[in-house]
Colleague: 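Quick one: the structure is below, questions incoming.
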Amino acid sequence: MRLELSMSPTSARRSSIDHLLQHAEPGQPARIEGWIKTSRFSKNVSFLHVFDGSSPRTVQVVLSEPPSEDLKGRLGIHSAVRVQGTWVASPGGEQALEIQATPEQVQVIGPTDPSAYPIQKKRTSLEHLRTIAHLRPRTNTFQATFRVRNALSWQIHRFFQERGFLWIHTPIIAASDTEGAGELFSVEVPGQSEPFFGRPTYLTVSGQLQVECFAQAFSNVYTFGPTFRAENSNTARHANEFWMIEPEIAFADLDDVIALAEDFVRQISLATLEQCAQDFELFDRFVEKGVVQAVRSSVDKPFARITYREAQELLQQSGRSFEYPIGFGQALQAEHERFLAEEYFKGPVFVTDYPKEQKAFYMRQNDDGLTVAATDLLVPRLGEIIGGSQREERLDQLKRRIVELGMEPDDYAWYLDLRRFGSVPHGGFGLGFERMLMWLTGIKNIRDAIPFPRTPGSAAY
RNA sequence: UCCCCGCUAGCUCAGUUGGUUAGAGCACCGGACUGUUAAUCCGGGUGUCGUUGGUUCGAGUCCAACGCGGGGAGCCA
């Protein structure tokens with residue numbers, strides 16, 4: 001099904017520029033509202049380029065008479081305007097249609113003083129735009145980024161909804177730490193000594209334990225919402241607030257989880273590339289050359305799949321010298337993951353069956369007594385974007401593992417109940433939404449993939 | 001949290017072994033010209049050299065602390 005998101009007018013009063021550029025006919029009366037991207041003036045003819053965020057394209061407005069000096073001074077970069085006129089075929093090569101108008105048909109709704117405006121009609125570094133995060137949504141790169149971010153989230157919902165998954169709104173305020181470790185932001189009322197909820201509460205680090213309750217009642221479910229980690233991570237791939245997608249499927253083993261993850265990554269990638277084809281031209285040219293073809297070729301073929309043990313053997317046979325030690329029991333470090341995804345498999349690869357010590361308590365224990373039915377999906381450029389597993393559905397094994405790890409079984413009474421009443425094999429995975437966006441677009445810093453990033457020492461806006 | 005690098009005009013940067021009045025491109029301002037497309041041409045420098053302290057006759061330049069930013073690592077998604 002081809003999605004026609006631009007078919008409907010933005011409101012009863014006006015149509016989006018994206019809609020008009022596709023549907024206006026020469027000779028029709030024109031009316032647009034938006035902001036000026038660039039303007040050029042000469043003695044006899046002037047050009048205004050107007051955008052409204054609905055399209056990477058601008059509308060060229062042609063004034064065949066010179067505007068007054070006063071009006072001209074108010075038609076600089078990012079002045080808000082309303083233009084009425086007539087759609088005509090454009091003699092210029094860059095656009096099919098343009099608007100012919102008189103200066104009187106241009107109304108300045110909110111002027112911008114170009115000499116004071118922090119964003120200029122030139123290339124500006126992403127680092128500098130981060131310092132004016134309230135203004136960067138109006139730049140070409142961030143216009144494309146946030147249109148793609150929107151499209152990707154829509155395609156994620158669409159993927160699950162078309163397959164009968166229920167979107168479960170798991171709580172943002174959580175009573176325990178899902179992983180039994182990791183750093184949490186606590187939720188409390190300033191000046192109040194007693195916990196508001198009668199117990200310590202935290203911002204969620206994962207909705208998985210809660211969504212498992214719903215998987216044991218609705219079979220196929222997913223979460224899609226914000227997640228919080230108080231880790232003092234200062235990298236281009238970590239933020240303290242990010243969005244995560246966590247599907248959970250019942251009557252399923254690790255193979256089913258992997259099949260779902262592969263189908264999911266392939267479908268949402270291709271659908272987003274198609275929905276935002278024009279925006280991806282920008283990423284392909286200016287952000288990461290060749291990124292579209294790289295993503296396509298990654299998802300065109302079946303994803304590779306190896307066990308953790310095989311991965312360690314591959315690393316040993318590679319003849320490479322790595323900074324970190326390799327061998328069974330050693331962690332797969334970033335350098336190892338990059339070797340596997342970028343050099344050896346040259347595409348996405350599932351690594352399965354990790355040592356139980358490296359993974360969370362709820363993952364299903366394999367018969368070897370050493371490993372668990374876990375998987376990470378590693379992709380070129382980024383490393384891990386998915387972490388998932390089959391869950392331990394056997395009450396005794398799960399309880400034993402909780403005790404082994406020094407955790408308090410009573411804290412997990414409700415979670416253990418799921419294994420007591422109608423327990424079935426089940427599993428799921430977590431996908432970092434921003435990391436997926438970065439993989440598709442080539443954006444290199446997570447701070448540029450989220451509207452207002454929260455990172456250690458930084459929460460302006 | 002650890003390692004490395006950076007901070008000079010609105011932006012991106014240059015600035016010599018420490019030396020007198022601080023440099024470029026673009027942006028911006030003024031003018032010219034043009035159915036233009038990040039237009040083009042001519043003219044104009046708009047500055048608390050991140051902050052504080054130190055060394056020195058003299059600091060954008062050397063030293064220290066702090067702040068901010070970037071890259072990498074760990075942790076992870």
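The analysis underlying the following values was restricted to heavy atoms, covering all of them including side chains, and did not include hydrogens, waters or symmetry mates. Chain letters run A, B, ... following the sequence lines, proteins first, then strands; residues in each count from 1.
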Colleague: For the P atoms, the ones on B/U8 and on B/G69, what distance do you get once it is rounded to whole angstrom?
Modeller: 14 Å
Colleague: For B/G44 versus B/C7, give the span between their C1' atoms, rounded off to a whole number of Å.
Modeller: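 Rounded to whole Å, the distance is 28 Å.
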Colleague: More than 12 non-hydrogen atoms from neighbouring residues, nucleotides or ligands closer than 6.0 Å to CZ on A/R285, yes or no?
Modeller: no
Colleague: Calculate the interatomic distance between A/L431 atom CG and B/C76 atom P; express it in whole Å.
Modeller: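 Computing the A/L431:CG to B/C76:P distance gives 17 Å.
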Colleague: How far does the P atom of B/G67 sit from the matching atom of B/G31, given to the nearest Å?
Modeller: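 Taking atom P in both B/G67 and B/G31, they lie 48 Å apart.
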Colleague: Can you measure A/F264 atom CZ to B/A77 atom C1' for me and round it to whole angstrom units?
Modeller: 13 Å
Colleague: So which nucleotide from B/C76, B/G35, B/A39 ends up closest to the side chain of A/P91?
Modeller: B/G35
Colleague: Within the supplied structure, the quantity of interest is the number of heavy atoms (other residues, nucleotides, ligands) at a distance under 6.0 Å from A/R266 CZ; does it exceed 12?
Modeller: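 Buried by this count: over 12 neighbours within 6.0 Å.
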Colleague: Whether A/R149 and A/E434 form a salt bridge (side-chain N of Lys/Arg under 4.0 Å from carboxylate O of Asp/Glu) is what I want to check.
Modeller: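 Yes.
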Colleague: Anything under 3.5 Å between a protein N or O and an N or O of nucleotides 68-74 of chain B, put it in a table, one pair a line.
Modeller:
from  : atom 1 : to     : atom 2 : distance (Å)
B/G70 : OP1    : A/R130 : NH1    : 2.6
B/G71 : OP1    : A/N445 : ND2    : 3.4
B/G71 : OP2    : A/N445 : ND2    : 3.4
B/A73 : O2'    : A/Y324 : OH     : 2.9
B/A73 : N6     : A/N234 : O      : 3.3
B/G74 : OP1    : A/Q333 : OE1    : 2.8
B/G74 : OP1    : A/A334 : N      : 3.4
B/G74 : N2     : A/N232 : O      : 3.3

Colleague: Can you confirm if the aromatic rings of A/Y362 and A/Y412 lie within a centre distance of less than 6.0 Å?
Modeller: no
Colleague: Do you know which two heavy atoms are closest between A/G388 and A/D376, and how far apart they sit?
Modeller: N-OD1, 4.4 Å
Colleague: Give me the residues of residues 57-70 of chain A where at least one heavy atom lies under 4.0 Å from an atom of RNA chain B, by number, or none.
Modeller: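 Heavy-atom cutoff 4.0 Å gives A/Q60, A/V62.
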Colleague: Strictly below 4.0 Å, heavy-atom distances to any atom of RNA chain B: list the hits from residues 373-382 of chain A, or just say none.
Modeller: none
Colleague: Assess whether a salt bridge exists between A/R401 and A/E404, defined as any Lys/Arg side-chain N lying under 4.0 Å from an Asp/Glu carboxylate O.
Modeller: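 Yes, A/R401 and A/E404 are salt-bridged.
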Colleague: State whether the number of non-hydrogen atoms from other residues, nucleotides or ligands found under 6.0 Å of A/Y344 atom OH is greater than 12.
Modeller: no
Colleague: For the pair made of CG in A/L135 and P in B/G10, what is the distance, rounded to whole Å?
Modeller: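 For the pair A/L135 CG and B/G10 P, the rounded distance is 17 Å.
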Colleague: Does B/A39 have OP1 or OP2 under 4.0 Å away from a side-chain N or O of A/R40?
Modeller: yes
Colleague: Assess whether a salt bridge exists between A/R391 and A/E248, defined as any Lys/Arg side-chain N lying under 4.0 Å from an Asp/Glu carboxylate O.
Modeller: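 Looking at A/E248 together with A/R391, the answer is yes, because their closest N to O distance falls below 4.0 Å.
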Colleague: If you count every heavy atom of other residues, nucleotides or ligands that lies below 6.0 Å from A/R57 atom CZ, does the total exceed 12?
Modeller: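 Count not over threshold, so no.
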Colleague: Which of these passes side-chain hydrogen bond (donor to acceptor under 3.5 Å, both in side chains) with A/H426: A/E392, A/R364, A/E212, A/E393?
Modeller: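 When A/E392, A/R364, A/E212, A/E393 are each tested with A/H426, the side-chain hydrogen bond (donor to acceptor under 3.5 Å, both in side chains) holds only for A/E212.
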Colleague: Roughly how far apart, to the nearest Å, are B/C75 and B/U1 at atom C1'?
Modeller: 10 Å
Colleague: Among B/U12, B/A77, B/G35, which nucleotide sits nearest the side chain of A/E98?
Modeller: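 Given the options B/U12, B/A77, B/G35, the side chain of A/E98 is closest to B/G35.
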Colleague: Anything under 3.5 Å between a protein N or O and an N or O of nucleotides 13-15 of chain B, put it in a table, one pair a line.
Modeller:
none

Colleague: Taking the same atom, P, in B/G45 and in B/G23, what whole-Å distance lies between them?
Modeller: 11 Å
Colleague: Restricting both atoms to N or O, compile the protein contacts to nucleotides 24-28 of chain B shorter than 3.5 Å, with distance only.
Modeller:
from  : atom 1 : to     : atom 2 : distance (Å)
B/C26 : O2     : A/K122 : NZ     : 3.1

Colleague: Kindly confirm whether the side-chain ring of A/F242 is stacked on the base of B/A77, judged by centres under 5.5 Å and planes under 30°.
Modeller: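 The base of B/A77 is stacked with A/F242 (centres under 5.5 Å, planes under 30°).
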Colleague: Keeping A/Q208 on the side-chain end and A/E246 on the backbone end, is there a donor-acceptor pair under 3.5 Å?
Modeller: no
Colleague: Would the A/F160 and A/F224 ring centres measure less than 6.0 Å apart?
Modeller: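 Judged by ring-centre distance (under 6.0 Å), A/F160 and A/F224 do not meet the cut-off.
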Colleague: What distance, rounded to whole Å, do you find between the two P atoms, one in B/A73 and one in B/C28?
Modeller: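 It works out to 39 Å between them.
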Colleague: Between B/G58 and B/G18, how far is it from one P atom to the other, in whole Å?
Modeller: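 Roughly 15 Å separates the two P atoms.
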Colleague: Please pick, from B/G35, B/C11, B/A77, the nucleotide with the shortest atom-to-atom distance to any side-chain atom of A/S125.
Modeller: B/C11
Colleague: Sticking with atom C1', work out how far B/G19 lies from B/U61, rounded to a whole angstrom.
Modeller: 11 Å
Colleague: Which residue in the set A/I32, A/D52, A/L21 passes side chain to side chain contact (heavy atoms under 4.5 Å, CB included) when paired with A/S16?
Modeller: A/D52
Colleague: Using 4.0 Å as the upper bound for N to carboxylate O, is an ion pair formed by A/R136 and A/D448?
Modeller: yes
Colleague: Which helical stems does RNA chain B take part in, if a stem means at least 3 consecutive Watson-Crick or G-U pairs with both distances below 3.5 Å?
Modeller: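 Runs of three or more consecutive pairs: B:1-7 with B:67-73, B:10-13 with B:23-26, B:28-32 with B:40-44, B:50-54 with B:62-66.
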